[in-house]
2 protein chains.
Amino acid sequence: MPSQIQQEFVLHFGEMGSRWGINRTVGQIYALLFLSERPLCADDIVEALRFSRSNVSMGLKELQAWNLVRLRHLPDDRRDFFTTPDDMWAIVRTLIAERKKREIDPTLTKLRELEMQSPEGSDDYALNRMGELREMIEAMTGFYDEMNKLETERLVALLKMGSKLTKIAGTAGRVLPLRKSKG
Amino acid sequence: MPSQIQQEFVLHFGEMGSRWGINRTVGQIYALLFLSERPLCADDIVEALRFSRSNVSMGLKELQAWNLVRLRHLPDDRRDFFTTPDDMWAIVRTLIAERKKREIDPTLTKLRELEMQSPEGSDDYALNRMGELREMIEAMTGFYDEMNKLETERLVALLKMGSKLTKIAGTAGRVLPLRKSKG
DNA sequence: CGCGCGTTTCAGAAATTTCTGAAATTAAAG
DNA sequence: CTTTAATTTCAGAAATTTCTGAAACGCGCG
């Protein structure tokens, strides 16, 4: 049933899965749902991908933990059906939020913890280095938070601004544009 | 030799390593180098972390593949010494560039391939979905490219602009700010 | 209750990834 | 050319992760 093209896409997502912090199975299941116009139930997925029923169940559970799929019910049918959101930007927002939660927030928390409990005076270099790292993460996540507040329409407009943005950055901190000094 | 604080930081990076697409060993080695004021050679790392010499060698090789460490030589010493760059923003730029290369570029390439080779007419929904995904990735990577062109000083200024940026976004596509229509 | 139908859990099997010690390699110095 | 000090490679061991079938579970219905 799935076309050649769909099949390749699904396999690609499977291969990339490990680089994205999910596994092959989960990547393939997600890809299949992503391309499917109608909601799929677990057995549809078993049939399409030839994984064991329990593996599919685990995979779906993980996708739900990532908030990447929605559970749906059809009238007069007890089975669970799943879809991915139609809105691509909603998908990417979720993805980024979840990755931040898993990959960045724990480190930020840990850095703050360590800085708090650090015995005064000692360990100067390392402590300073951690502080710089923390500040950098705070700057980036602060920026992310701002962007993420925007409605999609505005967010897309901002992303598409391109070089206009770099001009604004030139005037951000100083009145005159920054220049290479000639000596 | 490493303080309690350093030790905890190193262990944390080890644990996070798997979420970041490197492994525990590599995460710990990186953390150790990151906190170290002076360059370290492989045997320093073996001593600090108690990994086998060959494991350290592999780990350093992987960090070099990621461009995350610099190889240094001290006068009258044939050993290889390693450091991380002093500049935190240089580090994060490298990290993002490498992750993009591994996690995003291959998918963008694959999507373009599949769209090219797609037989005309058929497979409407899936093809459209892939097209939307590709466009979204292109918008995001285009924005990233713009940001990445900025000198660090300007980049930091831009990140710190905070809510000013969202105001600009409001005027980007339209003359008047976007409003909820009342009916 | 007990049946039917679907989902989830779980212990062990299979696969994959990571780690090690021994051997090979490289390169400066004598 | 040989010695010596270092790094790298590699095949197998160890550890971890993923996958499976079987059993347990949940729940609406007669």
Side-chain angles (χ1 to χ4, degrees), chain A residues 10-11 13-33 38-66 68-83 102-103, chain B residues 10-11 13-33 38-66 68-83 102-103:
Chain A
V10 167
L11 291 178
F13 261 55
E15 279 165 30
M16 297 301 286
S18 38
R19 300 191 192 183
W20 298 336
I22 58 178
N23 64 33
R24 188 153 32 85
T25 310
V26 174
Q28 290 191 19
I29 293 173
Y30 183 79
L32 188 69
L33 289 170
R38 66 175 187 82
L40 301 182
C41 72
D43 285 318
D44 294 333
I45 296 169
V46 167
E47 164 149 11
L49 303 179
R50 303 294 162 161
F51 299 143
S52 74
R53 185 64 183 68
S54 53
N55 199 4
V56 169
S57 175
M58 301 263 215
L60 287 169
K61 220 176 81 173
E62 185 163 354
L63 286 172
Q64 285 174 281
W66 277 82
L68 284 171
V69 297
R70 306 184 159 290
L71 176 59
R72 310 285 294 275
H73 280 108
L74 304 186
D76 287 328
D77 194 328
R78 284 216 251 144
R79 291 174 295 176
D80 295 344
F81 284 79
F82 296 89
T83 58
R102 287 169 171 72
E103 300 179 9
Chain B
V10 166
L11 291 178
F13 262 55
E15 279 164 32
M16 297 301 286
S18 38
R19 302 192 191 182
W20 298 335
I22 59 180
N23 64 34
R24 188 153 32 87
T25 311
V26 175
Q28 291 192 20
I29 293 174
Y30 183 79
L32 189 70
L33 290 170
R38 65 175 188 81
L40 301 181
C41 73
D43 285 318
D44 293 334
I45 297 169
V46 167
E47 165 150 10
L49 303 180
R50 303 292 162 163
F51 299 144
S52 74
R53 184 64 183 69
S54 54
N55 199 4
V56 169
S57 176
M58 301 263 215
L60 287 169
K61 219 177 80 174
E62 185 164 353
L63 286 172
Q64 285 175 282
W66 277 82
L68 284 171
V69 297
R70 306 187 159 290
L71 175 59
R72 310 283 296 274
H73 280 108
L74 304 185
D76 286 328
D77 194 328
R78 30 202 267 241
R79 289 174 298 175
D80 294 344
F81 283 80
F82 296 89
T83 58
R102 288 168 170 72
E103 299 179 9

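Please read all numbers here as calculations on a predicted model, not as lab measurements. Each chain gets a letter, A, B and so on, in the order its sequence line appears, and its residues count up from 1.
Distance NE2 (B:His73) to C1' (D:dA5): 13 Å, rounded to an integer number of Å. One atom, CG of A:Leu60, and another, P of C:dT7, lie 9 Å apart when rounded to the nearest Å. A straight line from CG of B:Asp80 to P of C:dT26 spans 15 Å, rounded to a whole angstrom. For A:Asp43 and C:dT8, the CG to P distance is 12 Å, given to the nearest whole Å. D:dT18 atom C1' lies 14 Å from atom CD1 of A:Ile22, rounded to whole Å. The interatomic distance linking A:Leu49 (CG) with D:dT18 (P) rounds to 17 Å, in whole Å. Summarising the geometry, the separation between CG on A:Leu63 and C1' on C:dT8 is reported as 16 Å, rounded to the nearest angstrom. Per the geometry, CG belonging to A:Asp77 stands 13 Å off P belonging to D:dC29, to the nearest Å.
In this model, a side-chain donor or acceptor of A:Ser54 finds a partner on the base of D:dG21 within 3.5 Å.
Distances shorter than 4.0 Å separate none of the side-chain N or O atoms of A:Lys61 from OP1 or OP2 on C:dT7. Phosphate proximity of C:dT7 to A:Arg53: present, with a side-chain N or O under 4.0 Å from OP1 or OP2. Close to C:dT8, at under 4.0 Å from its OP1 or OP2, lies a side-chain N or O of A:Ser57.
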Pairs: protein N or O with nucleotides 11-15 of chain C N or O, under 3.5 Å:
none

Below 3.5 Å between N/O atoms, which protein atoms pair up with nucleotides 27-30 of chain C? Just atom names and distances, please.
none

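Side-chain contact check for B:Phe82 versus B:Leu71: some heavy-atom pair is nearer than 4.5 Å. Residues B:Ile45 and B:Leu60 form a side-chain contact, since some pair of their non-hydrogen atoms from C-beta on lies under 4.5 Å apart.
We find the CD-OG distance between B:Glu103 and A:Ser18 to be 10.0 Å, quoted to the nearest 0.5 Å. Within the model, atoms CZ of A:Arg79 and NE2 of A:His73 stand 10.5 Å from one another, a figure rounded to the nearest 0.5 Å. Within the model, atoms CG of A:Leu11 and CZ of A:Arg24 stand 10.0 Å from one another, a figure rounded to the nearest 0.5 Å.
Taking the six-membered ring where the residue is Trp, A:Tyr30 and A:Phe13 present parallel rings, their angle staying beneath 30° rather than reaching 60°.
Residue A:Asn55 is in base contact, counting any heavy-atom pair closer than 4.0 Å across all strands shown.
Under the 4.0 Å criterion applied to side-chain N and carboxylate O atoms, B:Asp44 and B:Arg38 are assigned as salt-bridge partners.
The backbone N or O of A:Arg102 lies less than 3.5 Å from a partner atom in the side chain of B:Arg19, making a donor-acceptor pair.
A:Glu47 CD: 12 or fewer foreign heavy atoms inside a 6.0 Å radius. Atom CZ of B:Arg53 has more than 12 neighbouring heavy atoms from other residues, nucleotides or ligands inside a 6.0 Å radius.
Proximity note for A:Arg79 (side chain, C-beta onward) versus D:dG21, C:dG6, C:dT18: the nearest is C:dG6.
With the nearest nucleotide of DNA chain C identified for both B:Phe51 and A:Gln64, A:Gln64 has the one nearer the 5' end.
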